[in-house]
2 protein chains.
Amino acid sequence: MLTSILAPGTGISAPLMELLSGGEVESKPTSSFVDGQSIYSSGERVGQAYRVEFGAVRVYRVLANGRRQILAFHFGGNWFGLQNGDRHRSTAEAIGVTGIRSINLQKDPHIWQGLLPAVLENFSSAQEHQLVICRQSAVERVAAFLLEMSERAGNSQRFELFMPRVDVADYLGLTIETVSRSLTKLKNKGIIKLHGPRGIEIMQYRALQGLCL
Amino acid sequence: MLTSILAPGTGISAPLMELLSGGEVESKPTSSFVDGQSIYSSGERVGQAYRVEFGAVRVYRVLANGRRQILAFHFGGNWFGLQNGDRHRSTAEAIGVTGIRSINLQKDPHIWQGLLPAVLENFSSAQEHQLVICRQSAVERVAAFLLEMSERAGNSQRFELFMPRVDVADYLGLTIETVSRSLTKLKNKGIIKLHGPRGIEIMQYRALQGLCL
DNA sequence: CGGACCGTTGACACTTATCAAACGCGGTGG
DNA sequence: CCACCGCGTTTGATAAGTGTCAACGGTCCG
């Protein structure tokens, strides 16, 4: 996550590095959220930075036309809730039972500095996602999504999706029907196997990568 | 651009704040680029942060299928080229004659801290753009684009686009034909007037905003 | 005058959204 | 134990939107 440029000795203090890597510096204890419970909501004041301890989080915005766009999923170790402006413009919800550790930004404003790598990481993810969403067909988006989830699950060939179809659809800018059809296509080509609604098994890694042009 | 959280006294040093607001702290003199000239390219080492002095910049990536996606446009005052990892994953090019000031990140790595607001700003823009691109129709995307350009031109009703149609298309995830058709639709509804290929005049601001759901 | 470049317009094909229905599964209650 | 219901997913038919291919028009410049 950290880059050569952001390596030790760059002005980022050691305790913050530790915090970033999972230390418990100045943080509240982990609090638990149930499925669908909101961690922060659009319009609320920004005052905390959050880190997923276990489970998963979706960050989304609802447009005036009623459509929901999931901007990002966050999993164990990911920081989120970092933004400029004093009010949240998005909503963060737990997916399943989720543990969140938060740190207060007001009390300790210089902590922002330590969070720079996390912000850069989020920024990078947003750009990657933008590419997938804008210039790929439905099947290609789903393929990219599966690879992303596989990677986040430790590059495992077999894994369970945290989220239902509607979340996948709202993340990829598709409808649930199109997501479902795309999965079926990949299944029929023998590239993946589906184990129930959430279970994914990648049979042909190469073929999947080939789709993600 | 700066938020309450990032106001003075937050640990960001005064010289860096000055730098961000346009001061000339530790920066090289402005260098000039001609239309289409690259400022950095995908694969190059990350070593500088850049700031647009005049003109405009497009940051894009080319996918394996040959399609180009413009991730962001940057105008006077905007910082760009900030990312994690040690190699650029995108290419930045001047649009028209453009002045760029750069600062060396290696020599002065703690400067990253002062750039945090700029990174947050870029992150925020990327997310906004993601929403426009994923959940809006062609006309709505073009409408949002015109409002964005109007805002960047100081909320002026009449302005000139910096970039040709192909850039607009690659920014919005559309084809030049669809962009052209969308502009024609807006023109026919009396919402905008077109003054040559680059000139835009917004006749009904409200109607345009109404399209951006 | 001719050509190159950019933008517009038109015809058509293809992808995906929409609307609708069926399926599978877990839970509840008779 | 089994029928029933609710929910999420899948599948099907159709329509709308956008991409593709092609032609045309305008401007700039040699």
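Just so it is clear, the structure is predicted and the values come from calculations on it, not from any experiment.
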Practice task
For the pair B:Gln37 (side chain) and B:Glu93 (backbone), establish whether a donor and an acceptor sit closer than 3.5 Å, ignoring hydrogens and angles.
Solution key: no
Practice task
Answer yes or no: is there a side-chain heavy-atom contact under 4.5 Å between A:Val52 and A:Trp79?
Solution key: no
Practice task
Kindly state which residues belonging to residues 60-67 of chain A come within less than 4.0 angstrom of DNA chain C, counting heavy atoms of the residue only, listed by number.
Solution key: A:Arg67
So which protein nitrogen or oxygen atoms get under 3.5 Å of nucleotides 28-30 of chain D's nitrogens or oxygens?
none

Completion exercise
The reported gap from CD in A:Glu140 to CZ in A:Arg135 (rounded to nearest 0.5 angstrom) is 12.0 Å
Handout entry: Ring centre gap for B:His74 and B:Tyr50 strictly below 6.0 Å
Key = no
Exercise for the section: Look at the side chain of B:Thr98 and the backbone N and O of B:Ala56, then say whether any donor-acceptor pair between them is shorter than 3.5 Å. Expected result: yes
Exercise for the section: Name the orientation class of the two ring planes belonging to B:Phe162 and B:Phe75 (parallel below 30°, tilted from 30 to 60°, perpendicular beyond 60°). Expected result: tilted
Practice task
Supply the atom-to-atom distance B:Arg158 CZ to B:Met203 CE, rounded to the nearest 0.5 angstrom.
Solution key: 10.0 Å
Exercise for the section: Figure out the CZ/C1' separation between B:Arg141 and D:dT18, and round it to whole Å. Expected result: 9 Å
Problem - Residue pair B:Arg141 / B:Ser182, side-chain donor-acceptor N/O under 3.5 Å - result: no
Completion exercise
What residues 160-181 of chain A contributes to the DNA chain C interface at heavy-atom separation below 4.0 Å is A:Gly173, A:Leu174, A:Thr175, A:Glu177, A:Thr178, A:Arg181
Problem - DNA chain C-proximal residues of residues 191-202 of chain B, any heavy atom under 4.0 Å - result: B:Pro197
Practice task
Please collect all ring-ring contact (aromatic ring centres under 6.0 Å, His included) contacts where either partner lies in residues 85-105 of chain A, sequence neighbours excluded, each pair once.
Solution key: A:Tyr40-A:His88
Handout entry: B:Glu177 bridged to B:Arg181 by N-O distance under 4.0 Å
Key = no
Completion exercise
Within residues 126-140 of chain A, those residues having any heavy atom closer than 4.0 Å to DNA chain C are A:Ser137, A:Ala138
Handout entry: Face-on cation placement of A:Arg58 at A:Phe73 ring, 6.0 Å and 45° thresholds
Key = no
Exercise for the section: Report yes or no: do B:Ser90 and B:Arg61 form a side-chain donor-acceptor pair below 3.5 Å? Expected result: no
Problem - Test item: B:Leu183 and B:Arg165 side chains (from C-beta on) under 4.5 Å apart, heavy atoms - result: yes
Practice task
Would you check if there is a donor-acceptor pair between the side chains of A:Asp170 and A:Gln69 at a distance under 3.5 Å?
Solution key: no
